[in-house]
Amino acid sequence: MTAVRPDLTIEQNWQAYSEEDHAIWRLLFERQQRLLVGRACREYLEGLGGLGVAADGIPDFRRLNDILDEATGWQIVAVPGLVPDDVFFAHLARRRFPSTCFIRRRDQLDYLQEPDVFHDICGHVPLLMNPVFADYLQAYGKGGLKALGLGHLQRLARLYWYTVEFGLIGTEEGLRIYGSGILSSAGESVYSLDDPRPRRLRFDLRRIMRTRYRIDAYQQLYFVIDDFQELFDATRPDFAPIYREVATLPDLEPTGRLDQDREFVPWCGKKIGPEKKLGQKKNWATHQRGPSLGRKRLEDVRQDHNR
């Protein structure tokens, strides 16, 4: 049995993966890479390429860590699964990303209730090669430790859900995916950009902290950022007064609407991806109207937020 250290990390034990494990990785990787062309954001694709993550099998964390450390000072630490909130946040605050080691079975290719190594490494880690996003995730970890003491962890968990897990980004090439929950899901990679049913709102920190989310179906609501600097800047203020302000307001369901909601509107009536018109400046916004998600098992967090 793999020994668990005091900080709840373990050895990845890469040599213990079976041929079947690597075959499932290849199947997932090849399927998702076909889907993500023209859908994933540029920063994600650059990070994936820079890390050398490919279809040839589950990566060795030690090799990835050499590249990550040189790029942004981050490291991947293997964890056995369920990690308490304080441990998860402490790792992020030290630029250490907790990743599970197991990989799903063939009968779980399309839906898994907890993060596996494919979700963590293919979904989360590539963006840690981007300096701004890497700083944002570290700031989130520091904010999580503070939120624990203030009793507002649920509101901060919503920020993680609607950005790190299910975030979209507006680019000059069109709407793109950066959330790992979408990037590692074959179905939601298509649904999040092409389906007309979900709403897509401009990023709004207070709106996000008030908004519940669904875990038993594709998202009904996505928030769109302009760039990763917007995310990092959102973590700069002291959240304590924001928590107090939001605590006086009712929570919102994903289908809820506010007069001040800012809808994301695509250019030229195309599907969802906004295309920049010739001679027009970028202006996508219209004013028409966790428990740590991290290494807590997704079903645990999802149950908390569906109450």
Side-chain angles (χ1 to χ4, degrees), residues 83-98 124 132-169 178-181 199-215 219-262 285 287 289-298 300-307:
V83 173
D85 301 316
D86 59 338
V87 175
F88 171 66
F89 290 131
H91 280 307
L92 294 187
R94 295 171 57 196
R95 297 177 89 87
R96 292 155 58 95
F97 184 79
H124 284 287
V132 180
F133 188 86
D135 287 347
Y136 166 67
L137 202 57
Q138 181 183 28
Y140 181 88
K142 292 178 179 179
L145 292 171
K146 186 172 182 179
L148 277 171
L150 295 174
H152 288 285
L153 188 56
Q154 183 185 64
R155 304 200 184 280
L156 193 69
R158 291 170 180 171
L159 177 63
Y160 192 98
W161 183 268
Y162 282 116
T163 61
V164 177
E165 289 289 350
F166 289 94
L168 299 177
I169 184 170
Y178 75 89
S180 62
R199 294 179 73 203
R200 299 162 182 89
L201 299 182
R202 301 296 299 127
F203 178 84
D204 183 325
L205 178 63
R206 289 166 175 79
R207 176 69 157 87
I208 288 173
M209 286 187 174
R210 293 179 59 188
T211 306
R212 298 175 181 271
Y213 50 77
R214 293 290 303 273
I215 56 79
Q219 300 303 295
Q220 298 168 294
L221 176 63
Y222 299 96
F223 288 89
V224 184
I225 61 171
D226 280 332
D227 52 41
F228 293 132
Q229 190 64 45
E230 183 177 14
L231 277 185
F232 183 60
D233 290 345
T235 65
R236 291 181 185 273
D238 179 6
F239 278 8
I242 299 175
Y243 290 145
R244 290 194 294 270
E245 174 190 340
V246 173
T248 66
L249 302 171
D251 281 349
L252 300 168
E253 295 301 324
T255 54
R257 291 177 180 268
L258 295 176
D259 289 341
Q260 61 266 35
D261 282 348
R262 297 179 298 148
H287 300 266
R289 349 205 168 229
S292 135
L293 178 62
R295 303 291 46 99
K296 253 206 147 182
R297 294 184 184 275
L298 287 181
D300 295 337
V301 178
R302 288 166 171 177
Q303 288 167 7
D304 289 342
H305 288 270
N306 274 345
R307 289 172 183 167

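Note that these values count all heavy atoms, side chains included, but never hydrogens, waters or copies made by symmetry.
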Item to check | Side chain to side chain, L168 and Q219, heavy atoms closer than 4.5 Å | outcome: no
Checklist entry - Do the side chain of D227 and the main chain of E230 share a donor and acceptor less than 3.5 angstrom apart? => result yes
Next on the checklist: I need the L249 CG to M209 CE distance, nearest 0.5 Å.
Outcome noted: 12.5 Å
Next on the checklist: Minimum heavy-atom separation for P254 and T211, please, with both atom names.
Outcome noted: CA-CG2, 4.2 Å
Next on the checklist: Is the shortest side-chain heavy-atom distance between L205 and R155 below 4.5 Å?
Outcome noted: no
Checklist entry - L150 and F239: side chain to side chain contact (heavy atoms under 4.5 Å, CB included), yes or no, with the steps? => result CA-CA 10 Å; L150 295 174; F239 278 8; over 6 Å; no
Checklist entry - Is the shortest distance from a Lys or Arg side-chain nitrogen in R207 or D261 to a carboxylate oxygen in the other one below 4.0 Å? => result yes
Item to check | Backbone of V224 reached by a side-chain donor or acceptor of R202 within 3.5 Å | outcome: yes
Checklist entry - Do D233 and Y136 pass the side chain to side chain contact (heavy atoms under 4.5 Å, CB included) test, and can you show the C-alpha distance, the side-chain angles, and the key distance before you say yes or no? => result CA-CA 8 Å; D233 290 345; Y136 166 67; over 6 Å; no
Next on the checklist: Does H124 form a ring pair (Phe, Tyr, Trp, His ring centres under 6.0 Å) with F97? I'd like the steps, not just the answer.
Outcome noted: CA-CA 9 Å; H124 284 287; F97 184 79; 5.0 Å; yes
Checklist entry - Going from CD1 on I208 to CZ on R206, what distance comes out if it is rounded to the nearest 0.5 angstrom? => result 11.5 Å
Item to check | Under 3.5 Å donor-acceptor, R199 side chain and G256 backbone | outcome: yes
Next on the checklist: Is there a side-chain contact between Y243 and L156 in this structure, where contact means two heavy atoms from C-beta onward sitting under 4.5 Å apart?
Outcome noted: yes
Item to check | Y222 OH to Y162 OH distance, which is reported to the nearest 0.5 Å | outcome: 10.0 Å
Could you pull out all donor-acceptor pairs under 3.5 Å where a side-chain atom in residues 88-95 meets a protein atom, sequence neighbours excluded?
| unit_1 | atom_1 | unit_2 | atom_2 | d |
| --- | --- | --- | --- | --- |
| H91 | ND1 | R96 | NE | 3.1 |
| H91 | NE2 | D7 | O | 3.1 |
| R95 | NE | T72 | O | 3.1 |
| R95 | NH1 | D135 | OD1 | 3.0 |
| R95 | NH1 | Q138 | OE1 | 2.7 |
| R95 | NH2 | T72 | O | 2.8 |
| R95 | NH2 | D135 | OD1 | 3.3 |

Checklist entry - Will you find, in the side chains of Y140 and T163, an N or O donor that is under 3.5 Å from an N or O acceptor? => result no
Checklist entry - Do the side chain of Q220 and the main chain of T255 share a donor and acceptor less than 3.5 angstrom apart? => result no
Checklist entry - For the atom pair CZ (F166) and OH (Y213), what is the distance rounded to the nearest 0.5 Å? => result 9.5 Å
Checklist outcome for this item: In this structure, NE2 of H152 is separated from CZ of R244 (nearest 0.5 Å) by 8.0 Å
Checklist outcome for this item: Taken to the nearest 0.5 Å, the spacing of W161 CH2 from R212 CZ works out to 14.0 Å
Next on the checklist: Once side chain to side chain contact (heavy atoms under 4.5 Å, CB included) is applied, do any residues pair with D86, and if so which ones, sequence neighbours excluded?
Outcome noted: P84, L148
Next on the checklist: Set out, in order, the CA-CA distance, both residues' side-chain angles and the distance that settles side chain to side chain contact (heavy atoms under 4.5 Å, CB included) for R158 and V246, then state yes or no.
Outcome noted: CA-CA 13 Å; R158 291 170 180 171; V246 173; over 6 Å; no
Item to check | K142 side chain reached by T235 side chain, heavy atoms, under 4.5 Å | outcome: no
